[in-house]
Q: 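My questions all concern the structure below.
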Amino acid sequence: MQAANKLKKQLTAAKFAEEVLTWQHQHGRHDLPWQQPATPYRVLVSEIMLQQTQVSTVIPYFQRWMQALPTLEALASANEDEVMALWQGLGYYSRARNLQKAAHYIVHELNGKFPEELESIQKIPGVGRYTAGAIRSFAYDTYGPIVDGNVRRLFCRIFGIEGPPTSSAVNKELWQYAETLTPEKNNRRFAQGLLDLGATLCTKRNPSCQDCPFASSCVAFQEQRITELPNPKAKKAIPTKIGHFLWIENLENNSLRLVKRPSKGIWASLWSLPEVSEKPLEAELKGSFKHVFSHYKLEAKVWAMTSANVEIMNHLEEANPEYQLPTDAVADLENSKTLNSLGLPTPIRAFIETHWQTKAE
DNA sequence: AACTCGGGGCT
DNA sequence: AGCCCAGAGTT
């Protein structure tokens, strides 16, 4: 293939793997929490958490998760609110829901037997091509090609791959390189080496090319095009949306109304202040906040509802029938334990904590 | 191929 | 303020 031909001019696949393995042994990361022990469950949880999330952010979440849900069976039988609470603050909450789906799938449909083949691993909910390869490599130490942001940057520079870095053409070429270069042995260390090279040496800015084992053959380094490879992404403007949330206090028992959001869409399956499509008629502004998502900015207004709560909630249910409004959808904020047992979006939680403190004084 | 999913860290 | 991060699922 094209990848193999380009490769031959520079270095063979065997030589490439040998360099990665040697470098990883001497300079790679060996103390990440999910490396010891690298069981399939621990690798699965860590890889899902690490999707689009930095290592330093994941570590405390991973530790807390393993403390609470140490096995696949524990996750499968856990309460969804507990799962979402453990995930709260990590973002991309469908990952948490998929992770529990994955546990259900393996425990109940695969008889608790974690799959071992690349194709069967990729059938796990939330597991794509990258994560399947990572599980093969890290959990079983078997052949499992990986292409993530680190590998993309590393390969685009070493082999001088041009084009939009996430386009299908570049993506296809990157996976061809990965399949060609991945060895049949020492896959755990090889995969870790690729990630470590990208994360600690071949960084986005100011890469340490003087310490790189591939400096002599790296297209980007030899041609001094480090800042041009991979090609920068085309940036797109993101829209701003207005959101309306309700602040409904029950003064009799000092509680605040929360609702569980739908299982699809933004903040799926998390608890939140009730959201409505338009500003309520009789309400005064309790406060506002802004929040930035990947694909839009949210300008949120929180409206205080002071009376006729029953009517308001009936109206809310009619307007948003997809919202669950069970009788337990009330958090008594005199007891912060109740709040901490539920998963709430970060800005919603921050707003509640701020305004509840103010009131208590 | 484009869009939808968060939130934090870093410059 | 902008960009990136051990991506996957949906349309």
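Given the structure is predicted, the values throughout are model-derived calculations rather than measurements. So that the names make sense, note that chain A is the first sequence line, chain B the second, and so on, each numbered from 1.
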Q: Between C:dG2 atom P and A:His295 atom NE2, what is the distance in whole Å?
A: 18 Å
Q: Quick one: name the residues clustered hydrophobically with A:Tyr92, using the 4.5 Å side-chain heavy-atom rule over I, L, V, M, F, W, Y, and just say none if it's on its own.
A: none
Q: Hey, what's the ring geometry for A:Tyr177 with A:Phe159, parallel, tilted or perpendicular (30° and 60° as the breaks)?
A: parallel
Q: Want to settle it: does A:Ser168 or A:Ile266 sit nearer the 5' end of DNA chain B, counting the closest nucleotide to each?
A: A:Ser168
Q: Parallel, tilted or perpendicular for A:Phe351 and A:Phe289, by the 30°/60° rule?
A: tilted
Q: Pick the C1' atom in B:dG6 and in C:dC5, then give their distance to the nearest Å.
A: 12 Å
Q: Quick check: is A:Tyr143 connected to A:Phe190 through a chain of hydrophobic side chains (ILVMFWY, heavy atoms under 4.5 Å apart)?
A: no
Q: What is the separation between atom CG on A:Leu154 and atom C1' on C:dC4, rounded to the nearest whole Å?
A: 17 Å
Q: So that I can tick it off, tell me whether A:Asp141 and A:Arg136 are bridged by a salt bridge, with the cut-off set at under 4.0 angstrom between side-chain N and carboxylate O.
A: no
Q: Between A:Glu119 and A:Lys123 (salt bridge meaning N to carboxylate O under 4.0 Å), is one present in this structure?
A: no
Q: Expressed as a whole number of Å, how far does the P atom of B:dT11 sit from that of C:dA6?
A: 14 Å
Q: Please determine if a side-chain N or O atom of A:Lys235 lies less than 4.0 Å away from the OP1 or OP2 oxygen of C:dC3.
A: yes
Q: With sequence neighbours left out, which residue pairs that include part of residues 46-83 of chain A fulfil the ring pair (Phe, Tyr, Trp, His ring centres under 6.0 Å) condition?
A: A:Trp34-A:Phe62, A:Trp65-A:Trp87
Q: Each nucleotide in nucleotides 6-11 of chain C should get exactly one letter: B, S or -. Can you fill that in based on protein heavy atoms under 4.0 Å?
A: BBSS--
Q: Taking the basic N atoms (NZ, or NE/NH1/NH2) and the acidic carboxylate oxygens, is any pair closer than 4.0 Å for A:Glu249 and A:Arg257?
A: no
Q: Can you list every salt bridge (charged side-chain N to carboxylate O under 4.0 Å, His left out) pair that touches residues 189-199 of chain A, not counting sequence neighbours?
A: A:Arg29-A:Asp196
Q: Check whether the ring centres of A:Phe221 and A:Phe214 lie less than 6.0 Å apart, and answer yes or no.
A: no
Q: Which residue, A:Ser56 or A:Ala268, contacts DNA chain B at a nucleotide closer to its 5' end, judged by nearest heavy atom?
A: A:Ala268
Q: Heavy atoms within less than 4.0 Å of DNA chain B: which residues of residues 68-76 of chain A have one? Give them sorted by number.
A: none
Q: Going by the angle between their ring planes, with limits at 30° and 60°, are A:Trp23 and A:His27 parallel, tilted or perpendicular?
A: tilted
Q: Under a criterion of less than 4.0 angstrom to any heavy atom of chain A, what are the 5'-terminal and 3'-terminal contacting nucleotides of DNA chain B?
A: B:dA1 to B:dT11
